[in-house]
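The figures that follow rest on heavy atoms only: side chains count, while hydrogens, waters and symmetry mates do not.
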Amino acid sequence: MSQQHSRASTVTVFASPTSWIESDAVAQCHQVAALDGMMHVAAMPDLHPGKGAPIGAAMTSAVLYPFLVGSDIGCGIAVFPVKLRRAVPEKLAARFPDLDRALDPERDAGDPAWDVVKDEIPAGYVEGLGTVGRGNHFVELARIGTVFEPGHAGRLGLDADDLVLIVHSGSRGLGERILRAHTEVHGAGPAPDPDAYLAVHDEAVRWGALNRRLLAARVAHALGFEPTEPIVDQCHNLVEVRDGVYLHRKGAAPGDGRDVLIAGTRGTPSYLVAGHAGPEAGHSVAHGAGRKMSRADALRRGKAKHTVEELRRTPVGSLVVCGDRQLLFEEAPTAYKRIEQVIDDLVRHELATPVATTIPLVTYKTPDQKEQRRRRGRS
DNA sequence: ATGTAC
């Protein structure tokens with residue numbers, strides 16, 4: 001751990017010296033620390049450079065800065081229990097619904113996935129409802145691998161070899177619209193009326209959580225298991241008022257006594273952890289493996305290093321459903337840091353305790369084009 | 001990460 005001072009504020013990086021942290025990302029932490037009102041920046045071991053602000057940081061300030069949360073307000077990772085008798089990746093991959101196609105309240109009124117929408121839709125925003133999005137978002141059927149804490153896993157209803165559905169998605173166009181409305185007038189400046197920003201921000205956080213449940217319900221109905229409430233659902237892009245100041249989280253999950261799924265990659269395990277992070281860590285833990293390469297680098301280097309086939313069938317035997325070749329390279333496991341190193345850093349700094357790993361079976365990114373043609377031809 | 005423009 002390294003701690004440095006920028007004016008009156010502090011920057012703490014929760015990573016061991018051997019962990020690869022890009023200097024650009026640390027520089028971004030110091031730029032953030034120098035903002036008016038900033039008190040503390042806690043950088044997680046998955047820290048990497050973002051657009052203007054670092055990703056993988058919890059930033060505490062007397063002033064609310066919407067750009068520190070970014071456009072995907074409400075993005076998070078949820079875990080749902082799955083009861084299926086057999087789980088053959090090839091068969092299940094072919095049954096995933098088209099999660100690029102939004103649910104329409106009128107046309108899809110009879111869709112059973114709507115059962116999860118009990119109250120009104122946050123902000124009345126129906127565009128993109130039930131869609132997963134792009135970038136690092138995914139929906140993954142996985143099985144529980146190693147159980148480190150059987151008692152804790154048991155309380156979550158989990159045991160080795162159980163199946164789970166992991167949903168990583170956010171508020172789609174709604175969060176983008178909220179940030180744009182602020183940025184058009186105030187740029188990277190603070191929210192002049194923090195309560196007004198928080199009111200719309202909170203709608204996006206609720207929208208994101210609802211969307212993850214909708215996505216799970218769509219997959220549940222298509223694959224033939226019972227849709228349920230999530231076991232775990234933590235949002236890693238949000239701002240909350242805590243101890244009278246603003247705690248901005250960007251790619252940092254609430255880790256104060258809560259359980260969090262820390263995503264690995266599309267080809268490596270993920271870790272379900274029990275978070276116990278204190279104020280120095282911004283009450284937060286990492287949200288994933290963290291990018292090691294920019295998207296551009298991952299595309300250029302990936303094309304030289306991997307075939308599409310080896311990215312679609314991963315080293316752990318899972319399948320990646322992704323009709324977008326560029327996205328497949330951008331999201332290659334080798335574009336990310338080693339999840340084990342990220343978890344090890346969290347453990348060393350006493351921010352989290354691993355409960356269990358999840359091993360991917362099928363990761364859905366975006367419809368497979370061949371599969372889509374086959375379905376269209378059939379209907 | 002996003003919707004939209006190029």
Side-chain angles (χ1 to χ4, degrees), chain A residues 24-25 28 44 46-57 59 65-78 99-104 122-140 166-185 187-188 197 200-201 203-212 214-215 234-239 248-253 263 265-266 286-299 322-332 335-336 363-367:
Chain A
D24 287 358
Q28 283 185 333
M44 297 295 123
D46 58 339
L47 186 79
H48 57 283
K51 193 178 161 187
I55 300 168
M59 299 157 280
Y65 292 98
F67 89 100
L68 293 181
V69 173
S71 65
D72 199 4
I73 304 159
C75 187
I77 300 179
L99 301 177
D100 274 2
R101 185 183 148 276
L103 286 168
D104 182 291
Y125 191 82
V126 295
E127 252 169 275
L129 252 188
T131 62
V132 62
R134 289 284 168 107
N136 60 357
H137 293 174
F138 65 86
V139 175
E140 181 173 284
I166 304 168
V167 179
H168 179 187
S169 189
S171 60
R172 312 288 291 111
L174 176 59
E176 200 272 337
R177 191 177 75 176
I178 292 167
L179 181 67
R180 185 157 30 84
H182 172 83
T183 308
E184 276 173 359
V185 185
Y197 171 80
V200 289
H201 158 284
E203 293 277 280
V205 170
R206 282 192 287 275
W207 201 100
L210 173 65
N211 199 42
R212 289 188 286 280
L214 266 173
L215 283 160
Q234 295 302 337
C235 167
H236 49 241
N237 292 349
L238 84 167
V239 57
H248 309 74
R249 288 194 177 92
K250 173 68 170 176
T265 71
R266 287 359 87 217
H287 81 310
R291 293 198 74 84
K292 185 170 70 183
M293 287 176 214
S294 68
R295 292 189 173 276
D297 283 349
L299 183 62
C322 184
D324 181 336
R325 280 171 52 95
Q326 180 171 330
L327 185 61
L328 204 53
F329 287 116
E330 287 175 356
E331 290 290 312
Y336 284 85
T363 305
Y364 178 101
K365 296 286 292 178
T366 191

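- Taking a heavy-atom distance under 4.0 Å as the criterion, the stretch of DNA chain B touched by chain A extends 5' to 3' from dA1(B) to dG3(B).
- Within the nucleic acid shown, Arg180(A) has no heavy atom closer than 4.0 Å to any nucleic acid atom.
- Atom CZ of Arg101(A) has more than 12 heavy atoms from other residues, nucleotides or ligands within 6.0 Å.
- Note that CZ of Arg291(A) is 6.5 Å distant from CD of Glu330(A), once rounded to the nearest 0.5 Å.
- A salt bridge is defined here as a Lys NZ or Arg NE, NH1 or NH2 lying under 4.0 Å from an Asp or Glu carboxylate O, and Arg172(A) with Glu127(A) fails to meet this definition.
- When side chains are defined from C-beta on, Thr131(A) does not count as touching Asp100(A), because their heavy atoms never get closer than 4.5 Å.
- Using a 4.0 Å heavy-atom cutoff across all strands shown, Asn237(A) reaches no nucleic acid atom at all.
- Not counting sequence neighbours, Tyr197(A) has no partner by the side-chain hydrogen bond (donor to acceptor under 3.5 Å, both in side chains) test.
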